[in-house]
Amino acid sequence: MTTLFALCDCNNFYASCERVFDPSLNGKPVVVLSNNDGCVIARSNEAKALGIPMGEPYFKIRNLVENGRISAYSSNYVLYGDMSDRVMQTLSLFTPNVEVYSIDECFLDLGDFYDIDLFSYAWEIKRTVQQWTGIPVSLGVAPTKALSKVANRLAKKSTKANGVLVLTDPYHIQKALEATKIEDVWGIGGQYAKFLKKRSINTALDFSKLSENWVKQNMTIVGVRLLKELRGESCLELDEVAPPKKNICTSRSFGKKVNTFDELQESTASYAAKCARKLRQQKSCACLITVFIHTNRFSENDKQYYNSKTICMPVATNSDIELIHYASIALKEIYRDGYWYKKSGVIVSEIVPDNMIQLDLLDTLDRDKHARLMGVIDGLTDRFGRSKVRVATQGIDNTWMLRSDFKSPCYTTRIDEIQKVYVR
DNA sequence: TCTGGGGTCCTAGGACCC
DNA sequence: TCTGGGGTCCTAGGACCC
């Protein structure tokens, strides 16, 4: 059986989202900053052309921003998430089988579409997404997922392809593999790239000629799957329904240096509540909770400290109140006076479906009551926005909160913001 | 010289992704 | 002054059991 996949990838996604709502940015350099406005995580083509690398710390480009040479935005995940949904919904009109691979990427299973004009079809997809959502996308079409990644990358890079590349005949596949450097192959990270280049394996084509045994020995079974995929043998299926997450993590760097227990406790409580909400959204509960804190690893003057503590809770839970309770216990154990803290986080793990909870005979908590309360809190959060209702431990003024100085409005999801757009 | 041999579970750590 | 956040999978090795 022959397989056929398309990988659709939004171009410079976060920067493109900002542009949809402010067309005056078209043709101009735009960057989007990480949480805390720390570094660059998305760049428009014009920003790339200025030589701004991915991950560039903001302070290094501050001058360009202040002189108006670049527009910089704080990341606005609510907006990007909503735009992502629109793109994915549009894509799912073209085939019922899609895998939302990340916020800006989607695999489409084109199954046995070999008898249609793939090139025209791919272009129709691209045009439709652009027209309906305002987001420019690139498409790579090929017999396996790994090859569709290769095709997508070349589609974006080549001015001739201009955003669409269909890679189905062996000759073109060879040429594409030859044109793809080993470090640009999906699944080859920094370590493997170094290892392979030392052995004169410089391109995807070189890699595809290696023996299965050698790859298995040196790169585990993961490498073997990639090898087969690049040779055109499909090993990676389309995962249409995202499996429930096995770990959920909420962590942030602070907007300022923090040294008191109370500030750490507020932030940790907020992250625990956020994890609880994520658990409820996927209808599951966690047995373990981990809290970690650390100082600023870039600061040479400050004393460094990292620690984490994991607590096994008596009964799996997804309640804000309980998770905050155990997070506080864990934090107390690892907190040390006399350090400047930069970041804290909460991870919940050992996740089980919420209808399969192992009860504890000595459990005294009224779990039904908790569940109803959380339902009410979720309802209020949905209606009035995040953090309008919260457990007291989470604090009120939250001076530790992250910095986000250049955030665009949540155009698509907030009534007041939507009105602003209409008024304009 | 030589120290049973499996099986299973768990954890830490390494690799990768966007 | 200023350097993101959130995930997955795989393997090796130790503990433990019979």
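Chain A is the first sequence line, chain B the second, and so forth, proteins listed ahead of strands; every chain is numbered from 1.
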Span of DNA chain B engaged by chain A, first through last nucleotide within the 4.0 Å heavy-atom cut-off, is B:dA15 to B:dC18

Verify whether one side chain among [X] and [Y] offers a donor that lies under 3.5 Å from an acceptor in the other.
{"X": "A:E178", "Y": "A:T203", "value": "no"}
{"X": "A:D22", "Y": "A:S24", "value": "yes"}
{"X": "A:T144", "Y": "A:S234", "value": "no"}
{"X": "A:T290", "Y": "A:S308", "value": "no"}

By the 4.0 Å heavy-atom rule, please label [X] as base, sugar-phosphate, or nothing.
{"X": "A:K343", "result": "sugar-phosphate"}
{"X": "A:G345", "result": "nothing"}
{"X": "A:K149", "result": "sugar-phosphate"}
{"X": "A:E56", "result": "nothing"}
{"X": "A:D37", "result": "nothing"}
{"X": "A:R297", "result": "sugar-phosphate"}
{"X": "A:Y58", "result": "nothing"}
{"X": "A:I103", "result": "nothing"}
{"X": "A:V185", "result": "sugar-phosphate"}
{"X": "A:K342", "result": "sugar-phosphate"}

Applying the Watson-Crick and G-U criteria (both distances under 3.5 angstrom) with [ ] for crossing and | for other-strand pairs, one obtains for DNA chain B ....||||||||||||||

Mutual orientation of the aromatic rings belonging to A:F195 and A:Y192 [parallel < 30°, tilted 30-60°, perpendicular > 60°]
perpendicular

Note to self: Is it the case that over 12 heavy atoms from other parts of the model lie below 6.0 angstrom from the NZ atom of A:K256?
What the structure shows: yes

Tell me whether A:W132 at atom CH2 has more than 12 heavy atoms from other residues, nucleotides or ligands lying less than 6.0 Å away. no

By nearest-nucleotide position on DNA chain C, the 5'-leaning member of A:T250 and A:I221 is A:T250

Whichever of A:P244 and A:S34 has the more 5' nearest nucleotide on DNA chain C, that residue is A:S34

Residues at least two apart in sequence or cross-chain that pass ring pair (Phe, Tyr, Trp, His ring centres under 6.0 Å) with A:Y14, listed by chain then number, are A:Y77, A:Y80

**Message:** Run A:S299 and A:D302 through side-chain hydrogen bond (donor to acceptor under 3.5 Å, both in side chains) and show every step you take.
**Reply:** CA-CA 6 Å; A:S299 169; A:D302 294 338; 3.1 Å; yes

Fill in: Atom P, compared across C:dC18 and B:dC2: separation rounded to whole Å
30 Å

